[in-house]
Trainee: 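This is the structure I want to talk about, given as structure tokens.
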Amino acid sequence: MKPITDQIRNEMVRRFRFEGQFIGTAPYGEGHINDTFAVGFRREGRTRRYILQRINTNVFRDPASLMENVAGVTEFLRRKIKATGGDPERETLNLVPAKDGASFARDADGGCWRAYRFIEGTLTLQQPRNADDFYESARALGKFQLLLADYPAGTLHETIPRFHDTPNRMRQFRRALQDDILRRADGAREEIGFALEREAYAGLLTGLLKQKKLPLRVTHNDTKLNNILLDKATGKGLCLIDLDTVMPGLSLYDFGDSIRFGASTAAEDEPDLSKVHFDPGLFEAFTKGYLETAGSVLTQEEIDLLPDGAKTMTLECGIRFLTDYLSGDVYFKTERERQNLDRCRTQFRLIAEMEEQWDDMKRIVGRYR
Ligand code: ADP
Ligand code: GN1
Ligand code: MG
């Protein structure tokens, strides 16, 4: 993606139906994919913020289809939240259309931009501060899946083909390893071995899906904690954001992706592995919140496989970070050279500890089923 010049960004600020007098704009958030800005306006003595985002079109090849998904899902959620007495301004994303009425706008460099109303009074956490935070995020995820249970899945475009096809991620990893374009493989032998030893396991969930032993649902597919806003005042789980990958998928992908990011004692890219542990207390808090909200619609198999959802998604994400490291950091944003390798290593550390605590994880799920 081309660097964003001040000129382009200012031009894009003028292209959307923002209300009031422009105050300023600044980079915002810690997403790995899109370029996100907070934009401030002043109106009737009050400040109003918006989120302005350039969509990463290297990752999302068909932004028009992606925006159709986002518009469809947010509109659907809006209606449901309203009907059940909730606050659609805060419990779902709300798109701000471009001045020509479209859901996104193109800049002079071909970049695609969209805007949302900023959901104020919320927390985006990079790690849960305590078990309650994580429990609340799980409840928000469970509610999200319930609300979308009757969404017309056939109308959703696949924004990234085979996004959670873990065996395919494994094949991509093998190709990157074979090419080893930067000669980085030698410095990552342990991680490479760890991934390859789990190659057969990587196909567990996709295999069960193929055999129709797990149901396809409308899922979010990117449920790490910084994509789930909490209400600052009440601490309650409020809103799932980052809807670019809402697609048909397995409930276990969403459960697992939350666990791999949030049930850790350290940041996703912590270089010091002695700080990284899988936290069974956090796993328990999330499982409880998730099953309290979504449990009634899940099948017995889905519930039994929650630990495998966690392990599979942690493995998949670790493999993706390792693949990107070997490929020269072309997919995930990085600020330092070994960051993708550090990210991979935290994921693999979590897996090793999950494997050690497997029976406990099963017991925890058994407590809330
Ligand atoms: P990415 O795909 O790069 O992860 P996100 O859509 O997740 O981009 O946005 C990045 C960050 O911006 C989020 O983690 C969150 O902190 C913040 N954010 C995004 N949309 C909103 C919103 N409508 N209101 C408040 N904060 C938001
Ligand atoms: C990316 O966009 P963001 O930062 O919320 C990625 C996820 C990964 C995650 C790892 C579209 O999420 O799949 O799990 O980084 N999103 C995409 O932190 O690839
Ligand atoms: Mg995000």
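The shown structure was predicted, so the numbers you read here are calculated from the model rather than taken from an experiment. Numbers here are sequence positions counted from 1. Numbering of ligands and ligand atoms starts at 1, following listing order. Hydrogens, waters and symmetry mates play no part in the numbers below; they use all other heavy atoms, side chains included.
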Trainee: Is there side-chain contact between R46 and E44, with heavy atoms separated by less than 4.5 Å?
Mentor: no
Trainee: Is a salt bridge present between D324 and R343, judged by a nitrogen-to-oxygen distance below 4.0 Å?
Mentor: no
Trainee: Is it the case that ligand 2 has an N or O less than 3.5 angstrom from some N or O of N221?
Mentor: no
Trainee: Distance under 4.0 Å to a non-hydrogen atom of F60: what atoms of ligand 2 satisfy this?
Mentor: 11 (C)
Trainee: Is there a polar contact between ligand 2 and T245, counting only N or O atoms under 3.5 Å apart?
Mentor: no
Trainee: Students should be able to answer this: which protein heavy-atom is nearest to atom 15 (O) of ligand 2, and at what distance?
Mentor: H32 CD2, 3.4 Å
Trainee: Starting from atom 18 (O) of ligand 2, find the nearest protein heavy-atom neighbour and note its residue, name and distance.
Mentor: E268 OE2, 2.6 Å
Trainee: Between S264 and A266, is there a donor-acceptor pair closer than 3.5 Å when you use the side chain of the first and the backbone of the second?
Mentor: yes
Trainee: Is the distance from the ring center of F255 to that of F286 below 6.0 Å?
Mentor: yes
Trainee: Protein residues near ligand 1, heavy-atom distance below 4.0 Å?
Mentor: Y28, G29, G31, H32, I33, N34, T36, I51, Q53, L93, Y116, R117, F118, I119, T124, N226, N227, I241, D242
Trainee: Using a strict threshold of under 4.0 Å (side-chain N to carboxylate O), is an ion pair present between R345 and D269?
Mentor: no
Trainee: With 2.8 Å as the threshold, which protein atoms of type N, O or S lie near the Mg ion (ligand 3)? Leave waters out.
Mentor: N227 OD1, D242 OD2
Trainee: For F321, which part has a heavy atom under 4.0 Å from ligand 2: side chain, backbone, both, or neither?
Mentor: side chain
Trainee: Check the side chains of T47 and R42 for a donor-acceptor pair under 3.5 angstrom, ignoring hydrogens and angles.
Mentor: yes
Trainee: Starting from atom 13 (O) of ligand 2, find the nearest protein heavy-atom neighbour and note its residue, name and distance.
Mentor: R320 NH1, 2.8 Å
Trainee: Using side-chain hydrogen bond (donor to acceptor under 3.5 Å, both in side chains), reason through T219 and N221 one step at a time and then give a plain yes or no.
Mentor: CA-CA 6 Å; T219 48; N221 297 304; 3.2 Å; yes
Trainee: Under 6.0 Å from the six-membered ring centre of F16 and within 45° of its axis: does the NZ or CZ of K99 meet both?
Mentor: no
Trainee: Can N227 be said to touch ligand 2, with heavy atoms closer than 4.0 Å?
Mentor: yes
Trainee: Do me a favour and list the nearest non-hydrogen protein atom to atom 14 (O) of ligand 2 with residue, atom name and distance?
Mentor: R260 NH2, 3.3 Å
Trainee: Taking the six-membered ring of F173 as reference, does the NZ or CZ atom of R175 fall below 6.0 Å from its centre and within a 45° cone about the axis?
Mentor: no
Trainee: Any donor-acceptor pair under 3.5 Å linking the side chain of D257 with the backbone of T223?
Mentor: yes
Trainee: Are R90 and T122 close enough that some pair of their side-chain heavy atoms sits under 4.5 Å apart?
Mentor: yes
Trainee: Test your reading of the model: is there a side-chain donor-acceptor pair from R15 to the backbone of R106, 3.5 Å cut-off?
Mentor: yes
Trainee: Judged by non-hydrogen atoms, does F163 sit under 4.0 Å from ligand 2?
Mentor: yes
Trainee: Give the residue, atom name and distance (to 0.1 Å) of the protein heavy atom nearest atom 12 (O) of ligand 2.
Mentor: D222 OD2, 3.1 Å
Trainee: Is the distance between the ring centroids of F41 and Y50 under 6.0 Å?
Mentor: yes
Trainee: Give me the nearest non-hydrogen protein atom to atom 2 (O) of ligand 2 as residue plus atom name, then the distance to 0.1 Å.
Mentor: I33 CG1, 3.1 Å
Trainee: Centroid-to-centroid, F118 to Y28, below 6.0 Å?
Mentor: yes
Trainee: Taking only heavy atoms of G31, which atoms of ligand 2 are found under 4.0 Å from at least one of them?
Mentor: 4 (O)
Trainee: Hey, are the side chains of F348 and L315 touching, using non-hydrogen atoms and a 4.5 Å cut-off?
Mentor: yes
Trainee: Atom 9 (C) of ligand 2: which protein heavy atom is closest, and how many Å away?
Mentor: K224 NZ, 3.6 Å
Trainee: Provide, to 0.1 Å, the distance between atom 19 (O) of ligand 2 and the closest protein heavy atom, together with that atom's residue and name.
Mentor: Y331 OH, 2.5 Å
Trainee: Is it true that R114 and D244 make a salt bridge, defined as a side-chain N closer than 4.0 Å to a carboxylate O?
Mentor: yes
Trainee: Taking the basic N atoms (NZ, or NE/NH1/NH2) and the acidic carboxylate oxygens, is any pair closer than 4.0 Å for D186 and R189?
Mentor: yes
